[in-house]
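To start, the structure under review is shown below, and the notes come after it.
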Amino acid sequence: MGSLKRTHHCNALSAANIGQEVTLMGWVLRRRDHGGVIFIDLRDRWGLTQVVFNPEINPEVHAKAHGLRNEWVLAIRGRVEARPEGMVNPKLATGAIEILVSELRILNQSQTPPFPLDEEVEVSENLRLKYRYLDLRRPGMADNLVLRHKASQAIRSFLNDNGFLEIETPVLTRSTPEGARDYLVPSRVNPGKFYALPQSPQLFKQLLMVAGMDRYYQIVKCFRDEDLRADRQPEFTQVDMELSFVEEEDIFAIMEGMITHLFRETIGYKPVTPFPRMTYAEAMNRYGSDKPDTRFGLELIDLFTEVRNCGFKVFRDVVEKGGMVKAINAKGCATFSRKDLDDLTAYVGQFGAKGLAWVKIKEGGEWQSPIAKFFTDEERAAMTRTLDAQPGDLLFFGADSPAVVYAALGELRLELGRRLGFIDKKTFSFVWVTDFPLLEWDHEQRRHMAVHHPFTAPAEEDMALLATDPGKVRSRAYDLALNGTEIGGGSIRIHQPQVQRTVFATLGISEEEARDKFDFLLKALDLGAPPHGGIAFGLDRLMMIIAGRDTIRDVIAFPKTQKATCPLTDAPSTVARKQLTELSLRPDWKE
RNA sequence: GGGGUCGUAGUUCAGUCGGUUAGAACGCCGGCCUGUCACGCCGGAGGUCGCGAGUUCGAGCCUCGUCGGCCCCGCCA
């Protein structure tokens with residue numbers, strides 16, 4: 001760069017700077033060579049500025065500019081000029097001015113990039129990831145990283161102002177049972193032993209409460225070795241928090257404050273507080289999901305009383321065997337074609353539904369449906385009334401075990417929402433989901449599993465049920481759902497050692513195993529643990545929604561592919577045999 | 001582990017019923033051009049049709065396998 005010092009970035013200059021001598025540095029976004037005058041759009045993280053090479057004013061520099069190509073890195077010195085009459089570009093922040101160049105230094109050349117860096121063309125994601133440093137030069141992606149930075153800063157500043165301490169916890173820690181598959185790290189100095197990368201800093205943050213830190217937070221990487229999705233990466237970032245001497249209401253209030261601050265500081269949006277609340281049971285019944293998208297209706301409606309004695313054997317049998325029959329009224333959708341209905345039937349099939357019964361309501365209210373003939377006039381009238389079915393409506397029925405009905409109709413509801421254009425990315429609909437069950441029965445392992453995690457406190461009034469009917473016990477866990485995505489979850493924790501021992505026992509964790517794996521926690525609870533609870537937000541998912549993207553990969557600088565690989569570094573990779581033997585690992589695969 | 005979908009020029013894509021020399025746009029290279037801003041005009045180069053078998057007189061197209069991207073199910077306390 002020689003003696004040149006950058007004076008402005010590429011989005012800084014306006015009519016107010018006319019006449020100034022400036023130095024800009026950046027990349028060649030586009031070159032418009034008229035043979036005579038040459039225009040270069042010089043780009044950096046902030047924006048772009050048009051620079052002009054005029055042969056009449058500086059022939060030497062103009063000749064040099066002839067050879068410039070896309071993505072070359074330049075330093076230019078020149079004077080800020082007003083653009084000629086009628087040449088102002090209102091689409092650019094810097095559109096009123098241009099730089100008349102007196103000195104050009106080529107700081108680096110570039111090969112022709114493997115894909116265009118303007119936003120015009122969608123490029124395959126594999127190529128983008130292989131050249132992620134080029135992909136991140138593109139304005140949309142750069143904006144996402146800037147937005148994410150603002151979000152982290154907003155969260156930190158809010159939590160700092162509310163008495164939280166940012167404390168780091170170990171990345172090399174021990175594997176604990178329950179939960180996702182661990183990423184393991186072999187210990188060289190302890191042959192045959194392994195660290196695990198944390199699925200979350202759960203136990204450490206509880207220990208920090210026992211340590212009297214009172215309010216802790218951390219923006220921290222967590223690791224889960226499970227299969228990937230658009231909103232799931234093997235390493236992801238949590239905004240992790242824990243508070244002492246609190247109950248649910250305290251946490252809700254503080255978190256609503258944080259989320260409000262976050263949305264204001266990033267996109268200038270003001271959420272309506274307090275956020276609505278919904279029990280798990282209500283969420284499942286109305287939306288078939290524990291993370292309901294409350295931006296639109298199309299709710300599930302129960303037909304138990306209407307069908308339990310009805311003439312349609314399929315529905316009657318389902319109810320008799322403990323299943324359920326629910327329906328969705330797709331208002332005004334009677335115009336759906338046969339193909340639409342076939343598509344939707346196939347769609348719910350992947351969620352376990354064996355079929356999808358439908359009814360079109362014709363003018364005058366009669367049913368057009370393959371199943372209409374199985375019902376009496378009175379039965380049809382009763383269902384029409386319950387579902388508020390009007391001419392032009394389309395009814396969908398789900399009849400199966402509760403799990404299948406919830407999944408199939410819940411997903412059908414979302415699909416209908418998408419098809420009908422009810423999914424508005426500018427709307428942010430929050431809802432707290434509470435009163436989750438503490439445990440659920442795992443058929444494979446033939447034991448109860450923690451729905452949240454084994455340290456979640458049971459609801460006070462359900463404590464007695466732990467011994468008699470564990471599946472009925474509600475927990476003090478809560479999730480925050482936003483537009484149908486679970487963006488955060490947490491709970492009030494168990495702080496009494498005898499309660500923790502009881503829950504372990506209910507989970508089928510023996511006294512011995514508990515001592516082996518959780519002795520440090522039980523000891524800590526024995527040594528003056530305060531009542532405490534916390535929550536963690538998925539920062540990637542939050543950013544995905546705030547940035548209006550469909551995948552968290554777009555808000556992560558260097559994400560992995562669905563097969564958990566990195567096309568840029570080619571990780572994971574093989575390692576030298578010596579590295580393995582040092583770790584006391586003896587591979588049995590061929591190199 | 002399973003289902004779906006995609007893979008053709010540097011990029012994004014088209015490619016009919018299996019049939020002559022695989023096309024377009026953008027990009028790239030060269031030339032012309034003094035007010036463009038996705039500059040314009042003229043010319044040119046550029047292809048292991050992901051890979052491997054098979055069917056066929058003949059395969060970008062059909063079959064099987066395989067690799068990879070994406071979406072989903074399972075999985076994700």
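Since the model is a prediction, treat every value here as computed from it, not as a measurement. Proteins come first, then strands; the chains are lettered A, B, ... in the order of their sequence lines, and each starts at number 1.
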Integer-rounded Å distance: [N] [atom2] and [X] [atom1]:
X: A/D342; N: B/G4; atom1: CG; atom2: C1'; result: 17 Å
X: A/W72; N: B/C28; atom1: CH2; atom2: C1'; result: 14 Å
X: A/Y131; N: B/U11; atom1: OH; atom2: P; result: 9 Å
X: A/N70; N: B/C26; atom1: CG; atom2: C1'; result: 12 Å
X: A/M87; N: B/U34; atom1: CE; atom2: P; result: 15 Å
X: A/I38; N: B/C32; atom1: CD1; atom2: P; result: 13 Å
X: A/R31; N: B/C28; atom1: CZ; atom2: C1'; result: 10 Å
X: A/H34; N: B/C37; atom1: NE2; atom2: P; result: 7 Å

Would you mind telling me which of [options] lies closest to the side-chain atoms of [X]?
X: A/L127; options: B/G30, B/A38, B/U11; value: B/U11
X: A/P84; options: B/C39, B/G35, B/G10; value: B/G35
X: A/Q50; options: B/U36, B/U11, B/U34; value: B/U36
X: A/T112; options: B/G10, B/G35, B/C28; value: B/C28

Who is the Watson-Crick or G-U wobble partner of [N], with both distances under 3.5 Å?
N: B/C32; value: B/G40
N: B/G18; value: none
N: B/U5; value: B/G69
N: B/A45; value: none
N: B/C64; value: B/G52
N: B/A24; value: B/U12

Can you check whether A/F39 stacks with the B/U36 base, using ring centres under 5.5 Å and planes within 30°?
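Here A/F39 meets both the 5.5 Å and the 30° conditions.
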A/R30 side chain near B/U36 phosphate (N/O to OP1/OP2, under 4.0 Å):
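No, because none of the side-chain N or O atoms of A/R30 sits under 4.0 Å from OP1 or OP2 of B/U36.
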Heavy atoms only, 4.0 Å cut-off, all strands: where does [X] land among base, sugar-phosphate and nothing?
X: A/Q199; value: nothing
X: A/E98; value: base
X: A/T456; value: nothing

Taking it one step at a time, do A/K326 and A/Y406 satisfy side chain to side chain contact (heavy atoms under 4.5 Å, CB included)?
CA-CA 9 Å; A/K326 284 178 175 287; A/Y406 288 143; 3.8 Å; yes
Verify whether the ring centers belonging to A/H34 and A/F39 lie closer than 6.0 Å.
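Judged by ring-centre distance (under 6.0 Å), A/H34 and A/F39 do meet the cut-off.
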Would you call A/E60-A/K64 a salt bridge at under 4.0 Å N-O?
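Here A/E60 does not pair with A/K64 in a salt bridge, since their nearest N and O are not under 4.0 Å apart.
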Do NZ/NE/NH1/NH2 and the carboxylate oxygens of A/E71 and A/R43 come within less than 4.0 Å?
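Here A/E71 pairs with A/R43 in a salt bridge, since their nearest N and O are under 4.0 Å apart.
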Using the [atom1] atom on both, measure [N] against [M] and round to a whole Å.
N: B/C32; M: B/U5; atom1: C1'; result: 47 Å
N: B/C37; M: B/A45; atom1: C1'; result: 28 Å
N: B/A9; M: B/A24; atom1: C1'; result: 11 Å
N: B/U55; M: B/C64; atom1: C1'; result: 11 Å
N: B/G19; M: B/G46; atom1: C1'; result: 26 Å
N: B/C49; M: B/U8; atom1: C1'; result: 4 Å
N: B/G7; M: B/U66; atom1: C1'; result: 14 Å
N: B/C72; M: B/C28; atom1: P; result: 36 Å

Could you tell me the separation between the CZ atom of A/R413 and the OG atom of A/S289, rounded to the nearest 0.5 Å?
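The distance works out to 8.5 Å.
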Between the side chains of [X] and [Y], is a donor N or O closer than 3.5 angstrom to an acceptor N or O?
X: A/Q500; Y: A/Q496; answer: no
X: A/T551; Y: A/R549; answer: no
X: A/R32; Y: A/Q50; answer: yes

Per the atom types in the model, does the base of B/C33 pair as donor or acceptor with the side chain of A/R32 at under 3.5 Å?
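Counting by modelled atom types and ignoring angles, no donor-acceptor contact under 3.5 Å is found here.
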Heavy atoms, side chains only, cut-off 4.5 Å: are A/P198 and A/R224 in contact?
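A/P198 does not reach A/R224 side chain to side chain.
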Can you name the residues that form a side-chain contact (heavy atoms from CB on, under 4.5 Å) with A/F115, not counting sequence neighbours?
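A/L117, A/V123, A/L127, A/Y131, A/L134, A/D135, A/R138.
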Protein heavy-atom contacts under 4.0 Å, written 5' to 3' over nucleotides 65-74 of chain B as B (base), S (sugar-phosphate only) or - (none), form the string ---SSBBSBB
When you match A/F115 and A/V37 each to their closest nucleotide on RNA chain B, which lands nearer the 5' end?
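Between the two, 5'-proximity favours A/F115.
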